[in-house]
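Atoms within a ligand are numbered from 1 in the order they appear, just like the ligands themselves.
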Amino acid sequence: MSHFSYHDGDLFAEKTPLSDIARQFGTPTYVYSKAALLENFSAYNDACKRHSSNENSSLVCYSVKSNSNLAVLNLLARAGSGFDIVSGGELLRVIAAGGDPRKVIFSGVGKSRDEMRLALQHDILCFNVESIPELHRLNDVAGALGKRAAVSLRVNPNVDAKTHPYISTGLKENKFGVAYEDALLAYRTAADLPHLDVVGIDCHIGSQLLDDAPLLEALDKVIELVDQLDSEGISLHHLDIGGGIGITYDDETPVAVGDYLGRLFARINAWRNEKYQGAPIKVLFEPGRSIVGNAGILLTEVQYLKHGASKNFAVVDAAMNDLMRPAMYQAWHGVQPVAQRGSPAQTYDVVGPVCESGDWLARSRSLAIEADDLLAIMSAGAYGMTMASNYNTRGRAAEIMVDGDRMHLVRRREQAADLFALESIPD
Ligand SMILES: *Cc1c(COP(=O)(O)O)cnc(C)c1O
């Protein structure tokens with residue numbers, strides 16, 4: 001069920017009119033629905049509980065990079081979520097939001113020594129290591145601290161996720177993970193390093209997958225490796241199948257999360273019972289987009305309507321610096337007028353004020369709008385605010401979390417002075 005819907009021609013977030021939010025907090029503004037966030041998280045968490053033997057045999061680790069606002073992280077932490085991070089900064093966010101570092105897994109190809117130290121000091125659950133040089137560096141850093149680092153290797157199962165090339169990560173030519181053929185060698189290396197504990201295996205083949213077939217194919221390859229490792233005396237405690245299912249931006253029909261997890265656990269449980277007499281091998285997930293994507297919109301105001309010779313433009317006050325996805329991936333986002341009008345619709349490109357031709361949010365949309373109208377850019381909760389920049393010295397948007405008829409400002413709008421506060425002029 002969508003938590004953004006029309007009532008008497010006005011678009012609401014839960015029980016809050018979006019026009020009230022614009023009046024009180026201005027635009028552009030990201031608006032998140034608390035109920036939608038919790039519902040989306042529960043789709044994973046409930047399925048995990050349903051299919052796992054006990055509550056310690058699975059863990060949902062929300063992917064922080066999809067939306068890292070402290071209020072979002074806090075809400076999910078209280079719902080029992082762990083976290084998948086890709087930087088030291090994200091770890092500090094999780095901690096500031098009240099998340100438990102012992103439920104944190106650390107992904108990414110380029111972890112620095114400082115980031116490793118920080119994560120070790122906070123006793124995170126596991127490092128998802130992506131190369132042999134990273135194993136050696138982590139071993140050194142852990143040794144110097146007198147600690148042991150729990151590691152999982154990110155293997156690249158060479159499965160085609162059939163998604164956008166920029167968000168496909170499981171093919172041989174990608175920079176991510178250890179090649180499937182090199183995985184055994186990498187595991188042997190890890191097992192021989194004195195300050196590492198080899199605990200898991202993970203893979204993440206891409207984002208916005210609508211079908212679970214590639215994920216189940218990746219799982220089969222991961223299972224095969226776990227068995228090979230077991231026969232060599234390297235026994236793993238968890239497997240991590242990476243990010244979540246895709247979402248509906250336009251007319252996509254992604255597989256239901258519960259169905260996907262049902263098939264995945266059926267496969268895993270059958271294997272566990274057959275090979276390991278049901279020994280608990282924990283299952284981890286790293287969903288991001290499917291938890292926050294459809295739980296957020298970007299609220300913007302039409303500044304000008306430009307009727308050109310071959311095209312009409314709706315120039316709005318949000319831009320590529322606020323929502324990068326269209327410029328970066330040619331991504332499609334729905335555009336809904338906040339107040340429905342009876343007047344005839346015209347076709348517009350919805351564009352921002354930034355000085356780039358790539359600065360567009362939507363193309364060729366039929367909209368009945370006038371200057372000063374409010375628009376909602378839909379499905380903008382994931383990879384929206386976290387990818388925002390200050391290009392053109394534009395302060396980043398405010399963020400609001402709606403809870404029923406209440407609105408909470410969870411990040412104030414950046415002011416111009418915030419943007420140059422860290423700069424200085426040499427004498
Ligand atoms: C980005 C990312 C995720 C989240 O993917 P979604 O498609 O947003 O669920 C999970 N794991 C890793 C390693 C990632 O880089």
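Here the shortest heavy-atom distance to atom 15 (O) of ligand 1, taken over Glu286, Arg289, Lys65, belongs to Lys65.
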message: Quick one, Trp271 with Asp227, criterion side chain to side chain contact (heavy atoms under 4.5 Å, CB included). Give me CA distance, side-chain angles, the key distance, then yes/no.
response: CA-CA 10 Å; Trp271 163 69; Asp227 288 343; 3.0 Å; yes
- request: Quick one: do Asp359 and Val351 satisfy side chain to side chain contact (heavy atoms under 4.5 Å, CB included)? Show the steps, please.
  value: CA-CA 6 Å; Asp359 180 28; Val351 302; 5.6 Å; no
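Looking at Gly206 next to ligand 1, no N or O pair under 3.5 Å apart turns up. Residue contacts with ligand 1: Gly242 is placed with no nitrogen or oxygen under 3.5 Å of a nitrogen or oxygen of the ligand (distance criterion only).
Using a 4.0 Å cut-off between charged side-chain N and carboxylate O, Arg396 and Asp418 make no salt bridge.
Using a 3.5 Å distance cut-off with no hydrogens or angles, the side chains of Glu232 and Tyr187 do not pair a donor with an acceptor. A donor-acceptor contact closer than 3.5 angstrom is absent between the side chains of Asp405 and Thr16.
Relative to the six-membered ring of Tyr180, Lys221 meets both conditions, a distance below 6.0 Å and an angle of at most 45° to the axis.
The shortest heavy-atom contact between Ser290 and Ile245 is CB-O, 3.2 Å. Ser58 approaches Ser52 most closely through the heavy-atom pair OG-OG, 3.0 Å.
Taking every non-hydrogen atom of Gly288 and a distance limit under 4.0 Å, the qualifying atoms of ligand 1 come out as 6 (P), 8 (O), 9 (O). If you number the atoms of ligand 1 from 1 as listed, the ones under 4.0 Å from a heavy atom of Pro287 come out as 9 (O). The Gly243 neighbourhood of ligand 1 comprises atoms 5 (O), 9 (O), 10 (C), with distances under 4.0 Å to a heavy atom of that residue. For ligand 1, the atoms sitting less than 4.0 Å from at least one non-hydrogen atom of Arg154 are 13 (C), numbered in the order shown with element in parentheses.
Within the 4.0 Å heavy-atom shell around ligand 1 one does not find Phe176.
Contacts with ligand 1 closer than 4.0 Å are made by heavy atoms of both the backbone and the side chain of Ser207. Only side-chain heavy atoms of Asp84 come within less than 4.0 Å of ligand 1; its backbone N, CA, C and O stay farther off.
Remark: minimum distance from atom 8 (O) of ligand 1 to any protein heavy atom is reached at Tyr383 OH, 2.6 Å.
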